[in-house]
Amino acid sequence: KKTFFNDFLLFSMTTIPNSFYAKVSDLHTELYKGPATAMANPLVAFTLIKRLHSEWLNVVYSNEALENTQVLRSSYEEEEADLPKLEDLQGAAKGLMRLQDVYALQVASLVRGCFQRVTKGKPIDIYLPAVSVPLSGDDCFLVGKVAYEQEDYYHSVQWLEESVRLFRGTGGEWSPENEGTLEDALDHLAFSHFKTGNISYALTLSQDLHCNKKMKKHNVEKYEKLLGTSPPISIRGNGLRRPTSNNLRTRDTYERLCQTQGSQPMLFENPRLFCDYFTNGNPGLLLLPVRREVLSLRPYVVLYHSFITDTEAEDIKRTAQPGLKRSVVAAGEKQATAEYRISKSAWLKGSAHPTVGKLDQRISMLTGLNVKHPYGEYLQVVNYGIGGHYEPHFDHATSPSSPVFKLKTGNRVATFMIYLSSVEAGGCTAFIYANFSVPVVEKAAIFWWNLHRNGQGDADTLHAGCPVLIGDKWVANKWIHEHGQEFHHRCSLNPEE
Ligand SMILES: O=C(O)CCC(=O)C(=O)O
Ligand SMILES: [Fe+2]
């Protein structure tokens, strides 16, 4: 197929001689050029027949073709290590399904390249992309298959339905770059319907598969038998419901907060929420006070606008880039990757770049806290790709064995998080119990206390990074510990404070 050929040419263009490419495309295109009446000319007819009968054959089996294929393959092998792996492809498919769920997007719209949610029976655009990229039947097949392999038939049915529809639309035409065929999609779709308890539809779909013999026939018989049993054997299908997650209790709130900004009280509703120019009484901020926006009182969450400059944000991203690795979470005493946190991150010491130290100093002036290592952790720079997220969690340790205590400076008393980029859609920071979410404000920083003054964790700080719908989200976390703050943050035995 043309695109396949062009894609491959892109990275081997430097090595494949142009002459061979020209020869092949000439042989190909000239064939279809010229008016049909030209065929009336016996010379044209003769050369065409000759080309079709032997010239193509000679080119295809020439040494020149062989050499070029070898060059193509060896250039591919050189690049192979840097190309996405199966894990990346499956991760991207899971990311699409995550966006579908969290933002309640319609699969039929996604497939057309649109981001729409159905509200009151009408599809509304969540985001209008500059270019809409429709998906092919094979693209949908891949997403459906990833769901199918996880036994997630809720998603596999939706994506495979689209796959079948699109494959049928192209007349079931096969392309060498494709992963699946109409038959594969029908087969997976039938089995997905069977698993969700819709046996008669599974049977109808399987009967459509008359071309490929054995396996499908076997399935048809199985579905017929199940349907013919009287009374019918009850198949414990889980219906078309979303696979249950561990955190069903917070899931609905989380998704609502990601889709909207929640029910943040307005200034007029709560006069104790205010904006001001803030210096924290620090001479260092006197000439350039920071614009402070108090977002919530319980828990206490504030946003500091224009905390970082464009150049500083670029310094931090550029310095972190080479060290970015898949993010981990606390898993008992250890750290491990987890589906609930999808991003890459890197730790930056003060020595990594002069900007890191400058930010530490500014954080210290604003918060009045001691952020020097080990009272403050190194700066954690985080990059979320499309669909990247961090489901509801606490920043402070909730168990004595947590790796947070490795520094021996107590728990994480506060979080200072800088937004190093903007995003085009999605990616809010949602406070689940406090019932509000903060959209990504480029160059701003958000601050909150994780612990009550008596050292107990504040359950109201449960928060999340919503999946990024469109864009490239970067944040930097500075976690500040209890120790070292003895003269900076008052303690109290009152559990309410
Ligand atoms: O990305 C966000 O908005 C939140 C990130 C977060 O909570 C974290 O890194 O601990
Ligand atoms: Fe967090």
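Whatever order the structure lists ligands and atoms in, that order sets their numbers, starting from 1. Computed from a prediction, not measured in an experiment: that's the story for all the values here. Reckoned from all heavy atoms, side chains included, excluding hydrogens, waters and symmetry mates.
F278 meets the ring pair (Phe, Tyr, Trp, His ring centres under 6.0 Å) test with no other residue; sequence neighbours excluded. Qualifying salt bridge (charged side-chain N to carboxylate O under 4.0 Å, His left out) partners for D276, counting only residues two or more places apart in sequence or in other chains: R292. For W448, the ring pair (Phe, Tyr, Trp, His ring centres under 6.0 Å) partners two or more places apart in sequence, or in a different chain, are F431, H463.
Polar contact check, N477 against ligand 1: a nitrogen or oxygen pair lies under 3.5 Å apart. Here's the thing with Y419: none of its N/O atoms is less than 3.5 angstrom from an N/O atom of ligand 1.
Residue-level proximity to ligand 1 for R341 is carried by the side chain, the only part with a heavy atom below 4.0 angstrom. At a heavy-atom cutoff of 4.0 Å, ligand 1 is contacted by the side chain of D395 but not by its backbone. When heavy-atom distances to ligand 1 are checked against a 4.0 Å cut-off, Q380 has no atom that comes that close, whether in backbone or side chain.
Under the side-chain contact (heavy atoms from CB on, under 4.5 Å) rule, L273 has a single partner from L297, L295, V302, which is L297. Exactly one residue among H188, H193, H155 makes a ring-ring contact (aromatic ring centres under 6.0 Å, His included) with Y148. That residue is H188.
In this structure, W479 is part of the shell of residues with a heavy atom less than 4.0 angstrom from ligand 1.
Inter-residue side-chain proximity for V381 and I316 is flagged as met; some heavy-atom pair is nearer than 4.5 Å.
For L366 against N280, the heavy-atom pair with the smallest separation is O-ND2, 3.0 Å.
Within 6.0 Å of CZ on R326 lie more than 12 heavy atoms contributed by other residues, nucleotides or ligands. Environment of CD in E87: sparse, with no more than 12 heavy atoms of neighbouring residues, nucleotides or ligands closer than 6.0 Å. Annotation for Y390: atom OH counts as buried by contact number, over 12 foreign heavy atoms lying within 6.0 Å.
At the top of the distance list for atom 1 (O) of ligand 1, counting protein heavy atoms only, stands Y384 OH, 2.7 Å. Ranking protein heavy atoms by distance to atom 3 (O) of ligand 1, first place goes to T429 OG1, 2.6 Å. Nearest protein heavy-atom neighbour of atom 4 (C) of ligand 1: M417 SD, 3.7 Å. Among all non-hydrogen protein atoms, the one lying nearest atom 2 (C) of ligand 1 is K473 NZ, 3.2 Å.
Of all the atoms in ligand 1, the ones that sit under 4.0 Å from a non-hydrogen atom of Y390 are 6 (C), 8 (C), 9 (O), 10 (O).
Around the Fe ion (ligand 2), protein N, O or S atoms at less than 2.8 Å number 3.
By the 4.0 Å N-to-carboxylate-O rule, D310 lies close enough to K443 to be salt-bridged with it.
Cation-pi contact between R362 and F307: present, with separation from the ring centre below 6.0 Å and deviation from the ring axis of at most 45°.
When the heavy-atom distances from atom 6 (C) of ligand 1 to H393, H389, R412 are ranked, the shortest goes to H393.
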